[in-house]
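Accompanying notes for the structure given below.
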Amino acid sequence: MPRYSALALLRARFQGARYWKPLWTGRTLKAAYDVVVVGAGGHGLATAFHLARDHGLKVAVLERRLVGYGNVGRNTTILRSNYLLPENHYFYEDSLRRWETLSRDLNYNVMYSPRGVVDLCLSDGDMITASRRGNAMRLAGIDSELMELDALERFAPELAPRRSRRFPIVGALVQRRGGTARHDAVAWGYARGATALGVDIIEDCEVQGLCTEAGVATGVETSKGLVRANRVVFATAGHTGMVGAMLGVPLPIETHLLQAMVTEPIKPLINSVLIYVHPGHGETYVLQSDRGGVVMGGYLDGFPSYTREGQWHRLEEVVQGAADLLPEIGGLRILRQWAGTNDMTMDGSPIMDRVKYDNVFLNAGWCYGGFKTIPASGAACATLVATGLAPDIARGFRLSRFATGHLLDERGGGPFPVRL
Amino acid sequence: MSRLICPFCGPRELREFEFHKTLPNAGDTPFERVYLRVDSLTHSVEHWQHIQGCRAWLHVERNPSTGAVLVMRLATAPGVA
């Protein structure tokens with residue numbers, strides 16, 4: 001695998017197209033592995049990468065379709081660690097720190113852009129909630145600033161926070177290190193890095209069943225034949241319910257759609273990620289991609305679905321919120337609109353644990369926070385699979401918490417994945 | 001499925017309805033009823049409520065892979081067919 005550098009780029013200039021070789025295709029499936037990872041999305045690839053790099057294991061990643069074909073290529077690329085609960089914010093902060101050096105670690109530019117995440121407050125109550133969350137973060141050593149209008153005006157002048165609005169802005173909780181990254185590059189970078197470490201990434205290979213013997217998993221049945229494995233990891237976010245059905249284990253997960261959309265490209269206008277929860281409406285988050293398109297997203301559609309088609313009423317709500325926030329983008333045309341399938345757990349926090357068998361692991365339930373956790377999830381899940389013990393930062397994500405009442409209910413909303 | 005047909009009110013916009021939970025329950029204990037879900041790619045049985053309309057509780061059967069609504073009728077008490 002050639003190392004990318006300025007010099008390599010110069011060499012590529014003279015060699016032309018011959019320099020660029022496929023990065024992960026062409027591997028054949030072997031009969032046995034130490035670990036089989038099911039799902040070549042962000043979490044599966046990152047787990048495989050860390051299993052090979054940190055623990056020296058022989059790993060295969062089996063993917064039903066193509067590398068990065070699911071949610072890793074369908075999200076709005078927001079990175080942040082502004083969570084209230086310690087079990088969450090230490091983990092998400094670990095991830096954010098890994099994002100800061102990820103391009104170097106993978107030798108692949110993931111275009112991490114710490115442009116700041118601005119959580120807007122529209123009332124004194126919002127400010128109180130935001131300061132509570134911000135203080136919890138600061139106690140954990142995570143950067144967080146509560147801004148009133150003067151500071152916000154300096155930080156995000158494009159927002160014109162004093163402008164007359166239906167719901168006037170009174171302040172914001174800002175995390176400056178939050179930002180965005182290039183979603184596809186993350187999948188490609190991990191796939192390339194894992195392949196360089198000897199991981200076999202097998203596309204077009206559907207896992208149809210788990211082979212077991214005397215209460216232990218011995219491998220998986222796939223569309224390309226049987227594969228033996230000492231350990232199996234399911235990283236199939238968006239279809240984890242199907243894994244539950246395959247194993248005969250009901251899981252605390254529902255699959256919901258979250259939609260996003262992008263407008264035609266315009267000149268640089270929005271400097272940070274703006275999150276706007278408007279009363280009686282829902283939620284809109286707005287950012288500008290490096291290409292210039294205004295990316296917008298909102299809340300879940302509200303019922304289980306695998307269609308990948310967003311519902312009109314949610315699109316309307318997201319666009320109304322965006323136009324209320326930044327009236328100047330109201331005339332832009334939407335180029336694309338899409339939806340991704342989200343593993344929604346009953347408390348809104350992820351699951352990283354064994355499931356049913358001692359050597360079968362679940363990396364799932366990332367709700368709408370999957371993209372930002374890819375680096376930490378890969379490292380933590382690899383440690384869990386290789387050593388049998390989850391690292392401290394991921395201890396809270398055990399499956400048994402739903403039965404024992406140790407929920408990580410960030411929203412304080414009870415056992416419903418969708419209610420606002 | 002941007003419209004649903006309420007057995008009382010007729011065709012109404014989806015936003016008037018609220019999804020509650022998939023059925024059947026994963027088991028009989030409160031934990032199983034509240035937290036666990038039995039998932040299906042092709043046939044989902046659910047409770048919905050026409051929350052911004054007649055507020056009736058509805059029994060809905062859908063295909064979650066296509067979005068097709070197969071059955072929509074008034075929900076009945078547990079144990080009643």
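A note on names: the letters A, B, ... follow the listed sequences, proteins ahead of strands, and every chain is numbered from 1. Scope of the values below: all heavy atoms of this structure, side chains included, with no hydrogens, waters or symmetry mates.
Contacts of B:S40 with chain A are made by backbone atoms alone, with heavy-atom separations under 4.5 Å and no side-chain atom involved. Contacts of A:A245 with chain B are made by side-chain atoms alone, with heavy-atom separations under 4.5 Å and no backbone atom involved. For B:F31, the part sitting under 4.5 Å from any heavy atom of chain A is the side chain, from C-beta outward, and nothing else. With a threshold of 4.5 angstrom between heavy atoms, A:L407 approaches chain B through side-chain atoms but not through N, CA, C or O. Looking at B:S2, both its backbone and its side chain come within 4.5 Å of chain A, counting heavy atoms on both sides. Residue contact with chain A, scored on non-hydrogen atoms closer than 4.5 Å, involves the side chain of B:L14 exclusively.
Residues passing the ring pair (Phe, Tyr, Trp, His ring centres under 6.0 Å) test with A:Y285: none are found, sequence neighbours excluded.
You'll find the side chain of B:L41 reaches within 4.5 Å of the side chain of A:H239, heavy atoms only.
Among all heavy-atom pairs drawn from A:F416 and B:H20, the shortest one is CE2-CE1, 4.0 Å. Shown here for A:P304 and B:P64, the closest heavy-atom pair between the two residues is O-CB, 4.3 Å. Shortest non-hydrogen contact noted between A:G302 and B:F19 is O-CB, 3.3 Å.
Ion pairing of A:E316 with B:R15 is present here, as a side-chain N (NZ or NE/NH1/NH2) and a carboxylate O approach within less than 4.0 Å.
Within a 6.0 Å radius of CZ in B:R3, no more than 12 heavy atoms belonging to other residues, nucleotides or ligands are found. The neighbour count for B:H43 NE2, taken as heavy atoms of other residues, nucleotides or ligands under 6.0 Å away, is above 12. Annotation for B:I5: atom CD1 does not count as buried by contact number, only 12 or fewer foreign heavy atoms lying within 6.0 Å.
Atom CD of B:E16 sits about 11.0 Å away from atom NE2 of A:H313, to the nearest 0.5 Å.
Relative orientation of the A:F303 and B:W48 rings is tilted, given thresholds of 30° and 60° on the angle between their planes.
Most heavy-atom pairs under 4.5 Å with chain B: of the set A:S305, A:P250, A:G241, this distinction falls to A:P250.
Applying the salt bridge (charged side-chain N to carboxylate O under 4.0 Å, His left out) test to every pair with at least one member in residues 39-56 of chain B, sequence neighbours left out, gives these pairs: B:E46-B:R62.
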